[in-house]
Amino acid sequence: MCTETFLRLPEEKRRRFLDAAWEEFAGARFTDVSINQIVRRAGIPRGSFYQYFADKEDLFAYLLEEVRNHVKEEYRRVLKANGGDIFQAQLDCFDRMTAQESSLDPMMERCVSFIRNNQGVDIQKFLPTRPGQRLLDGIWDLTDLSGLRDPSPEYGRVVFCLLMAALGSACMDAMLCPEERTLHREELAAKLEIVKYGSLRTGETS
């Protein structure tokens with residue numbers, strides 16, 4: 001990830017560098033991302049880049065961490081607004097993250113651009129932990145698990161991971177094919193129903 005030198009930069013200079021990096025990553029395929037273009041946009045010498053990050057992969061991992069922290073805060077707001085209901089929160093998060101581009105906040109707009117330019121890139125390989133893992137650690141104080149058949153945090157984590165997998169897949173599909181957004185929302189709602197109520201008929205056993 002980033003160096004101590006980068007963390008000690010004044011906020012304005014650090015933000016200018018990250019905005020320049022996002023502009024480059026959002027406008028090109030990952031293989032074509034140019035460090036020269038990033039430093040040119042940021043108005044810094046090329047050598048300064050390597051005082052901040054080891055390479056563009058290192059920088060991209062940092063940008064993804066920014067995204068994860070942003071999504072975490074957004075998810076907390078949605079969860080709080082829904083009284084801790086993790087099922088309804090997934091649908092509301094989908095709506096926020098896949099809104100019309102004119103309604104997206106700048107962070108999500110950049111993510112959408114990168115995803116569309118880089119279909120097939122395995123983003124998870126740049127992350128030190130699973131995408132939902134650290135999100136889990138920041139939501140339990142707002143989550144209502146009382147309606148689950150087992151309200152323990154351990155069981156709640158399993159349910160939450162299933163919901164996040166469904167949400168992540170639906171958002172990715174909707175971002176890549178915005179014209180099919182309604183279909184992907186309906187499929188997400190169906191998956192949430194399966195997790196919420198199970199897939200077997202009442203009284204059925206394996």
**Message:** With salt bridge (Lys or Arg N to Asp or Glu O under 4.0 Å) as the criterion, how do D95 and R185 come out once you've worked through the C-alpha distance, each side chain's angles and the decisive distance to 0.1 Å?
**Reply:** CA-CA 8 Å; D95 291 339; R185 191 184 193 280; 2.8 Å; yes

Starting from [Y], can I reach [X] by hopping between I/L/V/M/F/W/Y residues whose side chains sit under 4.5 Å apart?
X    : Y    : answer
L64  : L59  : yes
F17  : V67  : yes
L176 : V112 : yes
Y155 : L142 : yes
V33  : Y50  : yes

How many angstroms lie between atom [atom1] of [X] and atom [atom2] of [Y], to the nearest 0.5 angstrom?
X    : Y    : atom1 : atom2 : result
L91  : L163 : CG    : CG    : 10.0 Å
L79  : E74  : CG    : CD    : 12.5 Å
M175 : I115 : CE    : CD1   : 5.0 Å
L18  : R110 : CG    : CZ    : 8.5 Å
C2   : D58  : SG    : CG    : 8.0 Å
R181 : L188 : CZ    : CG    : 10.5 Å

**Message:** Under the criterion side-chain contact (heavy atoms from CB on, under 4.5 Å), I'd like the reasoning laid out for T3 against L7: C-alpha separation, chi angles, the key distance, then a yes or no.
**Reply:** CA-CA 7 Å; T3 65; L7 294 177; over 6 Å; no

Between the side chains of [X] and [Y], is a donor N or O closer than 3.5 angstrom to an acceptor N or O?
X   : Y   : answer
Y62 : E57 : no
Q88 : D92 : yes
S34 : N36 : no

**Request:** For the pair Y75 and F160, name the ring-plane relationship: parallel under 30°, tilted 30 to 60°, perpendicular over 60°.
**Result:**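 Y75 vs F160 ring planes: perpendicular.
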
**Asked** Once the angle between the rings of F60 and F114 is folded into 0 to 90°, is it parallel (under 30°), tilted (30 to 60°) or perpendicular (over 60°)?
**Response**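 Plane angle between 30° and 60°, so tilted.
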
**Request:** Check step by step if side-chain contact (heavy atoms from CB on, under 4.5 Å) holds for D150 and L148.
**Result:** CA-CA 5 Å; D150 178 353; L148 300 180; 5.7 Å; no

**Item:** More than 12 heavy atoms from other groups under 6.0 Å of CD on E179
**Value:** yes

What is the minimum heavy-atom distance between [X] and [Y], and which atoms define it?
X    : Y    : result
S113 : A26  : CB-O, 3.4 Å
C177 : H184 : O-CD2, 4.3 Å
L145 : S152 : CD1-O, 4.0 Å
A42  : A20  : N-CB, 3.7 Å
A21  : L63  : CB-CD1, 4.2 Å

**Prompt:** Are the side chain of T98 and the backbone of F94 linked by a donor-acceptor contact shorter than 3.5 Å?
**Reply:** yes

Does [X] come within less than 4.0 Å of [Y], counting only side-chain N to carboxylate O?
X    : Y    : result
R14  : E11  : yes
E187 : K191 : no
R15  : E66  : yes
K196 : E193 : no
R76  : D141 : yes
D19  : R41  : no
R157 : E154 : no

**Request:** Begin from the C-alpha positions of Y52 and I44 and carry the test side-chain contact (heavy atoms from CB on, under 4.5 Å) through to its verdict.
**Result:** CA-CA 12 Å; Y52 305 156; I44 61 174; 3.9 Å; yes

**Request:** Report yes or no: is the cationic atom of K56 (NZ for Lys, CZ for Arg) under 6.0 Å from the centre of the six-membered ring of F30, at an angle within 45° of the ring normal?
**Result:**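 Relative to the ring axis of F30, which defines the angle, K56 lies inside both limits.
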
**Request:** Decide side-chain contact (heavy atoms from CB on, under 4.5 Å) for C111 and W22; before the verdict, give the C-alpha distance in whole Å, the side-chain angles of both, and the deciding distance to 0.1 Å.
**Result:** CA-CA 9 Å; C111 288; W22 266 119; 4.2 Å; yes

**Prompt:** Would you say the side chain of M97 lies within less than 4.5 Å of the side chain of V78, judging by non-hydrogen atoms?
**Reply:** no

**Asked** Taking side chain as C-beta onward, heavy atoms only, is E23 less than 4.5 Å from Q37?
**Response** no

